[in-house]
> 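Here you go, one structure.
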Amino acid sequence: HDAVVEGKATVAGNAQVGGAARVAGRATIGGDATVEGDAVVRGSAVVDGRARVAGTAVVDGDRHLSDNDEEYGVPDDPR
């Protein structure tokens, strides 16, 4: 399923979205972020863990990744 947030999004732990993710403001994820579709963030994105987006990732603001681990265009592991 898609996730749509009209303001800022803050998740204390890991975040997983089965479809596309759209955030109108800043996105802050305390753990890993996994999006099975496209990800669009209209503000800045802060991820303390690994960022994995199966589709296209668009971040209008700054990207801050604590462990510098980004994967884009990677389909879900079929295992």
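Since the structure is predicted, the reported quantities are computational estimates derived from the model, not experimental observations. The analysis underlying the following values was restricted to heavy atoms, covering all of them including side chains, and did not include hydrogens, waters or symmetry mates.
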> If the condition is salt bridge (charged side-chain N to carboxylate O under 4.0 Å, His left out), which residues does Asp62 pass it with, not counting sequence neighbours?
none
> On a heavy-atom basis, which atom in Val47 and which in Gly31 lie closest, and how many Å separate them?
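Reported closest heavy-atom pair: CG1-O, 3.4 Å.
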> Quick one: list whatever passes side chain to side chain contact (heavy atoms under 4.5 Å, CB included) with Arg26, sequence neighbours left out.
Lys8, Thr28, Ser44, Val46
> Which residues pass the side chain to side chain contact (heavy atoms under 4.5 Å, CB included) test with Ala3, not counting sequence neighbours?
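Scan of Ala3 (side chain to side chain contact (heavy atoms under 4.5 Å, CB included), adjacent residues dropped) gives Val17.
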> In Å, rounded to the nearest 0.5 Å, how long is the span from NE2 of His1 to CD of Glu36?
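His1 atom NE2 to Glu36 atom CD measures 13.5 Å (nearest 0.5 Å).
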> Residues two or more places apart in sequence or in another chain: which of them pass side chain to side chain contact (heavy atoms under 4.5 Å, CB included) with Ala20?
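So Ala20 forms a side chain to side chain contact (heavy atoms under 4.5 Å, CB included) with Asp2.
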> Can you name the nearest heavy-atom pair linking Arg42 to Val58, along with the distance?
NH1-CG1, 4.4 Å
> Within the distance-only criterion (no hydrogens, no angle test), does the side chain of Asn14 pair as donor or acceptor with the backbone N or O of Asp32 below 3.5 angstrom?
yes
